[in-house]
Every structure is written in C-alpha cells, then in structure tokens.
Protein chains: 2
Amino acid sequence: MAETRLERKLRATGGRITQQRRLIASILQQQNRHLSAEEILELARRQYPRLSLATVYRTLRRLKETGLVRELRLGDDCYRYELERGEGHQHMVCLGCGKVIEFVCDHCQEVHSDLAVQHSFEITGARVKLLGYCADCRARMQDQTKEKN
Amino acid sequence: MAETRLERKLRATGGRITQQRRLIASILQQQNRHLSAEEILELARRQYPRLSLATVYRTLRRLKETGLVRELRLGDDCYRYELERGEGHQHMVCLGCGKVIEFVCDHCQEVHSDLAVQHSFEITGARVKLLGYCADCRARMQDQTKEKN
DNA sequence: TTATATGCAAACAATTTGCATCCTG
DNA sequence: CAGGATGCAAATTGTTTGCATATAA
C-alpha cells in the first residue's frame, strides 16, 4: 500500500502522519498524473473542505524531500507534482493543446549516465521535456490551411 | 553578425529595431550563457540606465517568439534566457552549488527523434536537465564526513 | 504533554499590464 | 505621421511565511 510507504518515509524523516498528508498522497496516487497545487487542493477539498493551500504546498515539499513525489515544470507557470514511480518516465508537451504524453526511455537513461561519467557529475534526477505538436494538433493545422485555399 | 540576424528576424515578424532590443540581444550574445531578466537588466543599464525591466521581459518574449532566444528553467525560480545557438545543448544543474554544466548530446537528439516518431509527435524543442552533484560538491561532502569522524 | 502540523491572512518574488509618451519606419 | 515600443507604476499570479491554534505521538 502507498499508505504504508508514505508512513514509513514520513516517520523516517521525523514527520507525522496527518489526515491531510494521507489525503494528498492518496490523491496523487489515484490520479496518477502531474497535478498542480491548486488542482490537488480542489480535489482534496471534496473530502476535506477546510484544507488550506499552504498545507498542500508544505506537504508537497515534504513529500518531495522524502523522495515520494517528483516536482516538475511543464510549461504552464506552476509546479506540477506526481508520485515518484521509479521508472523514470519523461514528458512530451504539446504547444498546441497542452496535452502531455508520457514516455519511458531506458535508452535516455544510459546516455545520461555516460554523460555524467564524462563530466564527473552524479545524477540524482533527470528531466526530459520534448516540446512540439501532437498528431491531433498537426491534423487540425492541416485542416485550417486547406480551408484557406 | 548577430545584429543582422536580429534585424532580419524582427522585421520578418513585423517588429521594429530599437536601441533597447539591439542592446539586449548583444548582451545575450556576449555573455553567451543563461541570464535571468534581472541580470540582463543590470548589465544593460550600464550602457542604457533608463531601461526598464518591463522592456526586458517584452523583448525577451519577442526574441523567443522569433526563435532567436531560448527560455529555460534551471531550478532557481525564474526564467533564464540564452541565445539560440542551434547546436541543441543541454544542462546539468548541481543541487549543491547551483553550478550549470552545458553539454551537447547528439545521441540524445537521435533518441528523441525515435520517440517522436513512435508517438507521432513533432518535436520543435527539447529540454534535458540532469540534476545532481558536481565533482567539487561531492568532494566537499566527503571532507565534511571525514571531519565528523 | 509537547513538538509538529494546520489554517488563515499577510508577505513575497517574478512576471505582466495599462497608459501616457516616445520614436521607428 | 501612425502604430509599434518604452518607462513607470500598479496589478497579477504562484508560492511562502508568521502566528495562534489544533493534534499526533
């Protein structure tokens, strides 16, 4: 259970297990996608209306420090959070519609390791973000071009 | 000359060539590293003291749109800007001292292209950010551990 | 019981915007 | 000369913090 993992990690860093923390962790687990603090707040308030945004941020920071949560930027100016799943997935972000496509790339990881050795750098985390256009948006752009002719 | 390239690009998108824009572009060119808007302002004001931060941001946005400038996030909560050099370099960011190591990785680009094909995604830009610790910081951490013994 | 977590409101920092004025084309 | 660009100050947005209160251990 993620609950157990959460509790273990929190206790290991001298933290307490509160309703709020459990709730936020469970939301990240259920949704299984990069949520913003605001989105987490909204979802969490359905079950616990008095939750504050400050607590969401504080909890996310804590979970990030324990390594349970991964923090990223996808292009809209806010941090996004997702449960660390350990498979090191990465993201493609469509500049047309904002859609985010996840992918796992073992090959990337090998290349990164090689680079790290070359620069005597020790990698603790990698962020790959491919910007561009998804198939749908490209199709839409095609259509619009046709219309004009 | 970059001046010419700047002028061409700006005109192509219906923009005007002003002292401020020229200055900001030349700073990015000379410094040849990821600067924040504040840093650019500070450098620019040495030559043109009445420059405003708003103009810096507006100019950077414009240069980004024309493809002359690349915008990135390196971990300190502000955007950083660098002249688009076309060789698609990427960054390692040291979590200890903030140092940024640049690297060029042709192999990465190949892998990204393959991924794009697989997901029928069209890549217009790639951001790879490797987080971790540089050699200096690791050495320092070693020393500190020794001290305690 | 006591230190950690919370909620609320206020504080902050980075970026954007409205508007009168300036200047390029 | 007209419309885009600038400077200034005010506004916005996302995130953090201070403090009194609540709660897990």
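Lettering of chains follows the sequences in order, A, B, ..., and the numbering in each one begins at 1.
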Q. With the threshold set at 4.0 Å, does a side-chain nitrogen-carboxylate oxygen contact exist between Glu71(A) and Arg61(A)?
A. no
Q.
Quick test of your reading of the model: are Glu102(A) and Arg33(A) salt-bridged, counting only N-O distances below 4.0 Å?
A. no
Whole-Å distance between [N] [atom2] and [X] [atom1]?
X: Glu65(B); N: dT16(C); atom1: CD; atom2: P; value: 11 Å
X: Asp76(B); N: dT15(C); atom1: CG; atom2: P; value: 9 Å
X: Leu51(B); N: dA5(D); atom1: CG; atom2: C1'; value: 12 Å
X: Arg21(A); N: dA25(D); atom1: CZ; atom2: C1'; value: 13 Å
X: Arg73(B); N: dA13(C); atom1: CZ; atom2: P; value: 16 Å
X: Leu72(A); N: dG14(D); atom1: CG; atom2: P; value: 17 Å
X: Ile40(B); N: dT6(D); atom1: CD1; atom2: P; value: 14 Å
X: Tyr81(B); N: dT15(C); atom1: OH; atom2: C1'; value: 8 Å

Grouping I, L, V, M, F, W and Y whenever their side-chain heavy atoms are under 4.5 Å apart, do [X] and [Y] come out in a common cluster?
X: Met92(A); Y: Leu95(A); answer: no
X: Leu74(A); Y: Leu130(B); answer: no
X: Val100(A); Y: Leu72(A); answer: yes

(Q) Quick check on DNA chain C: between Arg62(A) and Arg45(A), whose nearest nucleotide comes earlier from the 5' end? (A) Arg62(A)
Q: Would you list the pairs meeting salt bridge (charged side-chain N to carboxylate O under 4.0 Å, His left out) in which at least one residue belongs to residues 125-137 of chain B, sequence neighbours left out?
A: Lys99(B)-Asp136(B)
Q.
Quick one, Gln31(B) and Ile40(B) - any side-chain contact, counting heavy atoms below 4.5 Å?
A. no
Q. Would you call Ile123(B) and His112(B) a side-chain contact if the rule is heavy atoms closer than 4.5 Å?
A. yes
Q | Residue-phosphate contact under 4.0 Å: Gln20(A) side-chain N/O, dT23(D) OP1/OP2 | A |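 For dT23(D), neither OP1 nor OP2 has a side-chain N or O of Gln20(A) closer than 4.0 Å.
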**Q.** Gln118(A): side-chain contact (heavy atoms from CB on, under 4.5 Å) partners, not counting sequence neighbours
**A.**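 Result, side-chain contact (heavy atoms from CB on, under 4.5 Å) vs Gln118(A): Asp114(A), Leu115(A).
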Q) Can you list every ring pair (Phe, Tyr, Trp, His ring centres under 6.0 Å) pair that touches residues 81-101 of chain A, not counting sequence neighbours? A)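 Output for this query lists His34(A)-His91(A), His89(A)-His91(A).
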Q) Could you write nucleotides 20-25 of chain C as a row of B, S and -, 5' to 3', where a protein heavy atom under 4.0 Å of any base atom gives B, of only sugar-phosphate atoms gives S, and otherwise -? A) ---BBS
Q: Could you check which residues of residues 53-61 of chain A get a heavy atom under 4.0 Å from DNA chain C? Sort them by number, please.
A: Ala54(A), Thr55(A), Arg58(A)
Q.
Return the CG to CG distance between Leu83(A) and Leu63(A), rounded to the nearest 0.5 Å.
A.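 Going from CG on Leu83(A) over to CG on Leu63(A), the span is 8.0 Å.
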Q | Angle of first-five versus last-five pair axes in the helix from dT1(C)-dA25(D) to dG25(C)-dC1(D), to 10 degrees | A | 40°
